[in-house]
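Scroll down for the structure; my scribbles are underneath it.
Side chains included, hydrogens not; waters and symmetry mates left out as well; all remaining heavy atoms used.
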Amino acid sequence: MSDQPRWKIYVTRRLLPEALDLLKEKCDIEIWDHDNVVPRDELLKRIAGKEGMLCQLTEKINKELLDAAGPSLRVVSSMSVGYDHVELQQLKERNVLLGNTPGVLTDATAELTVALLLTTSRRLVEGTHHVKNGTWGSWKATWMCGPGLSGSTVGLVGFGRIGQAIGQRLKPFGVKRFLYCGHTPKPEAPMLPAEFVSQDELLQQSDFVVVCCALTPETRGMFNSAVFKKMKKSAVFINTSRGAVVNQEDLVEALESGTIALAGLDVTTPEPLPVDHPLLKLTNCVVLPHIGSATLETRTAMAMLSAENLLTALEGKPMPAQVKL
Ligand SMILES: O=C(O)[C@H](O)CO
């Protein structure tokens, strides 16, 4: 037995055994060993006096939680690339470090985005519904048609790792132009190639508008009525970033009125979306349950990286993936 003191940590969800074993070597672990979200009062009680925390994107890391943890808390490791559930300023004020899981989920999220785009544009959910419900009828030339990717223009709102990976996967489908917008042109853009344009140009020219940006104060509610009106009537809108970048009432209206043609969402507000939500009544909208990173390999890599982030930070070493506060 080593004399090294063991760190006290809290894990907010059942974790892959490999990641838990790694943590067990050096930590005394309290864990919410369930697949559902830890109740807030339970979390606030258990976090008290812990030095580290491994959480998911479902846990709000805010003043309330950090006060409940107390001054012992040194690191929060989130098993997610997004960290919009974390109040960064609150961490900064307390010198608490933050780790996340970039990179390891890029391929899976890009893959899912392509799957969702094709499911939406080629109306796969509607199609299987007709097959199962006996409303298939005979082959009809104009039935179940949707826009093709070949020769199209794809606008990527968010041209980071995931946006670029989506572009690379869509390219072999014969996309004619890739557009992206943002604050400054990206050095990686010539590889696709993708053209840096204003947001308005992207909205007006794209057949497919694919949202893969982070949720920030700037992008929150960005897709509203005014923005949908700038898109083509035939536009397909895909969102695999965060639900809150979209004003959902405005999206329902845009889909009902034909302002845009189709939408595919892997993320919504709230999650889960209530089953009576208007978005779920629309035949021109596909909604998935936030499964962008849900491959076995990716979730394993995310769990391992978040465990490594936690351990290295507790050891006072640089984390493999640390968020700059
Ligand atoms: O931020 C993330 O990591 C994704 O939304 C879930 O994998």
Side-chain angles (χ1 to χ4, degrees), residues 9-27 29-38 52-59 76-86 98-120 122 124-125 128 158 160-170 172-173 210-212 214-215 238-243 264-268 271-273 286-312 319-323:
I9 64 165
Y10 189 68
V11 177
T12 66
R13 194 75 61 94
R14 180 167 293 153
L15 201 60
L16 204 85
E18 291 94 308
L20 207 55
D21 287 347
L22 186 69
L23 292 170
K24 273 183 194 158
E25 286 173 21
K26 295 184 177 169
C27 303
I29 306 174
E30 266 192 70
I31 181 167
W32 176 254
D33 197 11
H34 304 275
D35 285 325
N36 59 339
V37 178
V38 56
M53 166 183 194
L54 196 154
C55 69
Q56 316 273 325
L57 49 80
T58 39
E59 280 80 62
V76 173
S77 174
S78 184
M79 194 181 130
S80 62
V81 65
Y83 45 85
D84 45 281
H85 55 299
V86 182
L98 176 64
N100 70 337
T101 61
V104 293
L105 48 68
T106 301
D107 289 347
T109 308
E111 192 173 285
L112 187 280
T113 307
V114 173
L116 177 59
L117 185 149
L118 287 168
T119 300
T120 306
R122 299 302 301 272
L124 302 189
V125 176
T128 54
R161 276 180 298 260
I162 294 174
Q164 291 166 34
I166 294 168
Q168 289 298 349
R169 282 161 180 75
L170 289 177
F173 286 92
V210 181
V211 187
C212 41
L215 174 64
I238 302 295
N239 182 15
T240 53
S241 71
R242 286 290 183 267
L265 314 170
D266 182 41
V267 284
T268 58
E271 290 178 1
L273 199 61
V286 175
V287 182
L288 300 181
H290 201 150
I291 50 172
S293 64
T295 68
L296 293 171
E297 301 80 358
T298 298
R299 290 287 165 82
T300 304
M302 289 168 75
M304 293 308 282
L305 179 52
S306 47
E308 283 157 19
N309 275 340
L310 189 59
L311 286 176
T312 49
M319 285 191 239
Q322 182 170 342
V323 176

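Closest approach of Arg161 and Gly103 over heavy atoms only: NE-N, 3.8 Å. Across every non-hydrogen atom of Ser80 and His85, the tightest pair is OG-CE1, 3.5 Å.
To the nearest 0.5 Å, atoms CD (Gln322) and OG (Ser77) are separated by 10.5 Å. Here the straight-line distance linking atom CD1 of Ile31 with atom CZ of Arg13 works out to 10.5 Å at 0.5 Å rounding. Of the inter-residue distances, the one linking Arg14 atom CZ with Gln56 atom CD reads 12.0 Å to the nearest 0.5 angstrom. Asn239 contributes atom CG, which lies 9.5 Å from atom OG1 of Thr268 (distance to the nearest 0.5 angstrom). If you take CG on Leu117 and CZ on Arg169, they are separated by 13.5 Å, rounding to the nearest 0.5 Å. Put simply, CG on Leu98 and SG on Cys55 are 7.5 Å apart, with the number rounded to the nearest 0.5 Å.
Sorted by first and then second residue, the side chain to side chain donor-acceptor pair (under 3.5 Å) pairs with a member in residues 300-312 form an empty list; sequence neighbours excluded.
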| field | Pair Leu22-Met304, side chain to side chain contact (heavy atoms under 4.5 Å, CB included): steps then yes or no | value | CA-CA 8 Å; Leu22 186 69; Met304 293 308 282; 4.2 Å; yes
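In this structure, Gln168 has no side-chain hydrogen bond (donor to acceptor under 3.5 Å, both in side chains) partners at least two apart in sequence or on a different chain. Take Thr298 and apply the side-chain contact (heavy atoms from CB on, under 4.5 Å) test, not counting sequence neighbours, and it matches Leu105, Ala108, Ser293, Thr295, Met302.
Judged purely by atom type and a 3.5 angstrom limit, Asp107 has no side-chain atom pairing as donor or acceptor with the backbone of Ala110. Under the 3.5 Å distance criterion, the side-chain polar atoms of Asn100 are left unmatched by any main-chain donor or acceptor of Ser78.
Under the side chain to side chain contact (heavy atoms under 4.5 Å, CB included) test applied with Leu54, the options Thr12, Leu23, Leu20 reduce to a single match, Leu23. Applying side chain to side chain contact (heavy atoms under 4.5 Å, CB included) to Val210 and the options Val114, Ile166, Ile162 leaves one that passes, Ile166. Between Thr120 and the options Val125, Ile238, Leu288, a side chain to side chain contact (heavy atoms under 4.5 Å, CB included) holds for only Ile238.
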